[in-house]
Amino acid sequence: MKNRLTHSLVVMFLCFVVDSLLRFYLPHDLLKTGLTIVSYVGVMMFTFLNNDIDEEHRYFFAVICGVYYSVIYGNSVFIYTLLFLGYAWMGKQYMKKATFTYFEALTMVVLTIFIQESVLYLLMWITGITKLFVVTFIVWRLLPTLFFNAIIFNIVYIVHDKIKLEGDVNVYFSEEL
């Protein structure tokens, strides 16, 4: 089972590298007055892998991913670590089996990205880092980010299906099928 955790961490690292490459080429307005698109390949893969990780490693996996995400993309270890822990908890509360259907996965990914973007905007607004109106944030950042990631989701979904890290676990009887 530790082997699955190691493989999942390697996959997450590769997804974060892809995120870094995509963010380099995507529009990003530092003045926050124009179009900004944020790639969330790592967060999407985390949503899938969260349900593939064994119960005893799930929150450790979330903390490692949250801290890494914080160091690379954010300035606050606490916020992203809490977000990833929250995603791990919510994802497992929702799941009945360790696999997603396509539309469940798309819904979970879009909801996760929506939550992350909303929490970040709210924190930036409360602390005075941004003065963007909600409508401006939605039009120039949230909607383009959700649309772009919904398109990229198809690739992430196929890659996750190909790497075959998940197990068929019956949570009602806690035995592998």
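Distance check: Ile53 CD1 to Phe48 CZ gives 14.0 Å after rounding to the nearest 0.5 Å. With rounding to the nearest 0.5 angstrom, the CG atom of Leu35 is 10.5 Å from the CG atom of Leu143. Distance check, rounded to the nearest 0.5 Å: CG of Leu120 to CD1 of Ile79 gives 8.0 Å. From Thr47, atom OG1 reaches atom CE of Met90 across 8.5 Å, with rounding to the nearest 0.5 Å. Here CG of Leu142 is found 12.5 Å from OG1 of Thr136. Values are rounded to the nearest 0.5 Å.
Nearest heavy atoms, Thr36 versus Pro144: O-CB, 4.2 Å. Listed here is the closest heavy atom pair of Met44 and Phe153: SD-CA, 3.6 Å. Between Cys15 and Gly42, the closest heavy-atom pair is CB-CA, 3.8 Å.
Two residues are said to be in side-chain contact when any heavy atoms from C-beta on lie closer than 4.5 Å; Val119 and Leu123 meet this criterion. By the 4.5 Å heavy-atom criterion applied to side chains, Tyr69 and Val43 are counted as neighbours. Between Asn50 and Tyr87, the closest side-chain pair of non-hydrogen atoms is not below 4.5 Å. Within the 4.5 Å cutoff, the side chain of His160 has heavy atoms near those of the Leu49 side chain. Counting heavy atoms from C-beta on, the side chains of Leu132 and Trp125 never come closer than 4.5 Å.
The hydrophobic cluster of Ile158 has no other members, since no ILVMFWY side-chain heavy atom comes under 4.5 Å of it.
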Decide side chain to side chain contact (heavy atoms under 4.5 Å, CB included) for Phe148 and Leu26; before the verdict, give the C-alpha distance in whole Å, the side-chain angles of both, and the deciding distance to 0.1 Å.
CA-CA 10 Å; Phe148 172 79; Leu26 289 173; 3.7 Å; yes
Starting from the C-alpha separation in whole Å, work towards a yes-or-no answer on side chain to side chain contact (heavy atoms under 4.5 Å, CB included) for Tyr68 and Met12.
CA-CA 10 Å; Tyr68 183 83; Met12 286 302 301; over 6 Å; no
Worked verdict on Ser70 versus Phe78 for side chain to side chain contact (heavy atoms under 4.5 Å, CB included)
CA-CA 8 Å; Ser70 298; Phe78 184 69; over 6 Å; no
Would you check, one step at a time, whether the test side chain to side chain contact (heavy atoms under 4.5 Å, CB included) holds for Leu9 with Phe13?
CA-CA 6 Å; Leu9 288 171; Phe13 173 75; over 6 Å; no
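Ring planes of Tyr121 and Phe137: parallel class, angle under 30° (limits at 30 and 60°). Relative orientation of the Phe84 and Phe46 rings is perpendicular, given thresholds of 30° and 60° on the angle between their planes.
Every residue meeting the side chain to side chain donor-acceptor pair (under 3.5 Å) condition with Ser39, not counting sequence neighbours, appears here in chain and number order: Asp19. Shown here are the side chain to side chain donor-acceptor pair (under 3.5 Å) partners of Tyr157, two or more places apart in sequence or in another chain: there are none.
The side-chain contact (heavy atoms from CB on, under 4.5 Å) test with Ile113 singles out one residue from Val109, Val110, Leu111, Ile115, and that residue is Val109.
Phe16 and Tyr25 fall into different hydrophobic clusters, where Ile, Leu, Val, Met, Phe, Trp and Tyr side chains are chained together by heavy-atom contacts under 4.5 Å. Met108 and Ile151 are assigned to two separate hydrophobic clusters, defined by single-linkage of ILVMFWY side chains at heavy-atom distances under 4.5 Å. Residue Leu22 is not grouped with residue Phe147 when hydrophobic side chains (ILVMFWY) are merged at heavy-atom distances under 4.5 angstrom, including chains of intermediate members. Hydrophobic clustering, with ILVMFWY side chains joined whenever heavy atoms are under 4.5 angstrom apart, groups Tyr80 together with Ile126. Leu14 and Phe24 are not part of a single hydrophobic cluster, where members link through side-chain heavy atoms under 4.5 Å apart.
Aromatic pair Phe114/Tyr40: ring centres not closer than 6.0 Å.
No more than 12 heavy atoms of other residues, nucleotides or ligands lie within 6.0 Å of CZ in Phe60, so this atom counts as exposed by the packing criterion.
Checking side-chain atoms of Asn149 against main-chain N and O of Ile37 turns up no donor-acceptor pair under 3.5 Å.
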